[in-house]
Structures are given as C-alpha cells and as structure tokens.
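What follows is a set of notes on a single structure, which appears directly below.
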Amino acid sequence: MKEGAYEKIYQVVRAIPRGSVMTYGSVARWAGLPGRARQVGYALHRLPESVEDVPWQRVINARGRISLPHWEGAGAYQRSALESEGVHFDGEGRIDLSRYEWHPEVGRVGLDKSKKTR
DNA sequence: CATTTGACATCTT
DNA sequence: TAAGATGCCAAAT
C-alpha cells in the first residue's frame, strides 16, 4: 500500500479534537500538501462510510460553512454532528473559525491530542 | 490518451 | 458581499 499523501490527510483529520474544526486548506497544509485543499475534499469524498476513525465532519471550508449541500443526507448529518459536539452555527449556517478552528502544534501533526485541553 | 469534474483556496473585479 | 479567473491534481468519461 502506498497512497502516502492521502493517508497523511486521514491522519490529520483523525487528530482533530472533538468540538473543533479545520478548513480543507489547513488540513492540506498540515498533511504536507500545501495548496491542494481540493484533493483533501476529494479524499474525504472517496472515504468509505464504514470508516468512523476519520471525523470528516470536522472539516469545513475557509468560509466557515459546510461544503456539502444541506438538502442531502451527508450535509444534514455533518451539521447535526458538529452541533452535538458543541460547535455553534450562526443564523447563516456559518461557524466562527476564529473560535472553533483547531491549530495543531508545529513539528507534529497531532497524534498527540492530550495537549492543552483549551 | 484528451477532456471534464470536483466535500477548495486565494486573488481580483 | 458577490462573481469570475486561476491554481492543483486524482479519478471518471
């Protein structure tokens, strides 16, 4: 198995702590794929449903909104899942990134979530 | 093998 | 704030 790059993406997403979110651009950056945010979304799209190890729901776009059409199952599920984690949506369905976006520490791509619990 | 498409981002109008 | 253009790259057609 190789894939390599995509594995790294899943690895970063798995490290996102509950109640926090990351943008596609940030995930790509921390996965060692700067500028390839699109591939991150594509990788998550191809992600099997049975894989619960990867909290893809905590990944949103740079505008702080869910990229999935809310009229489809996945979109509605993503929002309800985030709300149940404590993430607040404003009147326009947007999330305050300056407050919920997670910033992993430099030099380590997460994997060590037992760091400062806020 | 050429073209299109897509869970995005960023800059410019 | 919105809309258009451009960059990126794997998978589908």
Side-chain angles (χ1 to χ4, degrees):
Chain A
M1 21 286 245
K2 349 156 46 302
E3 283 18 83
Y6 279 20
E7 269 301 315
K8 197 60 179 297
I9 290 174
Y10 299 140
Q11 192 175 358
V12 173
V13 176
R14 284 193 195 97
I16 303 176
R18 191 168 186 279
S20 297
V21 298
M22 270 184 92
T23 64
Y24 293 91
S26 291
V27 173
R29 190 182 224 168
W30 291 106
L33 301 171
R36 281 161 228 183
R38 228 168 178 173
Q39 266 45 47
V40 173
Y42 208 71
L44 295 180
H45 176 68
R46 288 178 50 76
L47 196 60
E49 299 175 18
S50 43
V51 180
E52 296 182 10
D53 298 326
V54 184
W56 57 269
Q57 0 199 42
R58 295 177 189 150
V59 183
I60 59 179
N61 61 33
R63 297 182 234 167
R65 310 182 88 174
I66 291 176
S67 292
L68 293 171
H70 42 267
W71 56 80
E72 285 183 15
Y77 168 70
Q78 177 167 23
R79 174 162 179 164
S80 61
L82 288 176
E83 291 184 315
S84 69
E85 290 186 357
V87 178
H88 176 71
F89 285 76
D90 69 3
E92 299 188 16
R94 290 187 304 201
I95 296 174
D96 185 348
L97 288 176
S98 64
R99 180 178 165 177
Y100 295 105
E101 184 173 28
W102 182 54
H103 301 284
E105 294 180 24
V106 181
R108 78 173 60 164
V109 187
L111 310 198
D112 187 272
K113 60 251 184 121
S114 55
K115 224 18 196 172
K116 73 175 308 184
T117 325
R118 75 82 79 158

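By convention in this document, chain letters (A, B, ...) are assigned in the order of the sequence lines, proteins followed by strands, and residues within each chain are numbered from 1.
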From [options], nucleotide with atom closest to [X] side chain:
| X | options | value |
| --- | --- | --- |
| A/Ala62 | B/dA7, B/dA9, B/dG6 | B/dA9 |
| A/Tyr24 | B/dA9, C/dT1, C/dC8 | B/dA9 |
| A/Trp56 | B/dA9, B/dA7, C/dC8 | B/dA7 |

> Between C/dC9 and A/Arg36, is there an OP1 or OP2 to side-chain N/O distance shorter than 4.0 Å?
Replying inline: yes

Taking [atom1] from [X] and [atom2] from [N], how many angstroms apart are they, rounded to a whole number?
| X | N | atom1 | atom2 | answer |
| --- | --- | --- | --- | --- |
| A/Leu47 | C/dA11 | CG | P | 14 Å |
| A/Met22 | B/dC8 | CE | P | 16 Å |
| A/His45 | B/dA7 | NE2 | P | 6 Å |
| A/Glu101 | B/dC8 | CD | P | 16 Å |
| A/Tyr6 | B/dC8 | OH | C1' | 12 Å |
| A/Ile60 | B/dA9 | CD1 | C1' | 14 Å |
| A/Arg38 | C/dA5 | CZ | C1' | 12 Å |
| A/Tyr10 | C/dA10 | OH | P | 13 Å |

> When you compare B/dT4 with C/dA5, how far apart are their P atoms, in angstrom units rounded to a whole number?
Replying inline: 16 Å

>> If I compare all heavy atoms of A/Arg58 with all of A/Gly19, which pair ends up nearest, and what's the gap?
In response: NE-N, 4.5 Å

>> Testing the basics here: between A/Ala15 and A/Trp102, what is the closest heavy-atom pair and its distance to 0.1 Å?
In response: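 Reported closest heavy-atom pair: O-CH2, 3.3 Å.
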
>> Using only atom types and a distance under 3.5 Å, with no angle test, would you say the side chain of A/Gln11 pairs donor to acceptor with the backbone of A/Ala31?
In response: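 No: the side chain of A/Gln11 does not pair with the backbone of A/Ala31.
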
>> For A/Arg46 and A/Gln39, find the nucleotide of DNA chain C closest to each by heavy atoms; which residue's nucleotide sits nearer the 5' end?
In response: A/Gln39

> For A/Gly35 and A/Tyr42, take the nucleotide of DNA chain C holding the closest heavy atom to each; which residue's nucleotide lies nearer the 5' end?
Replying inline: A/Gly35

>> Parallel, tilted or perpendicular, judged at 30° and 60°: which one describes the rings of A/Tyr42 and A/His45?
In response: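 Tilted: the ring planes of A/Tyr42 and A/His45 meet at 30° to 60°.
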
> Above 12 or not: heavy atoms from other molecules or residues under 6.0 Å from CZ of A/Arg29?
Replying inline: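 No, CZ of A/Arg29 has 12 or fewer neighbouring heavy atoms, counting only those of other groups under 6.0 Å.
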
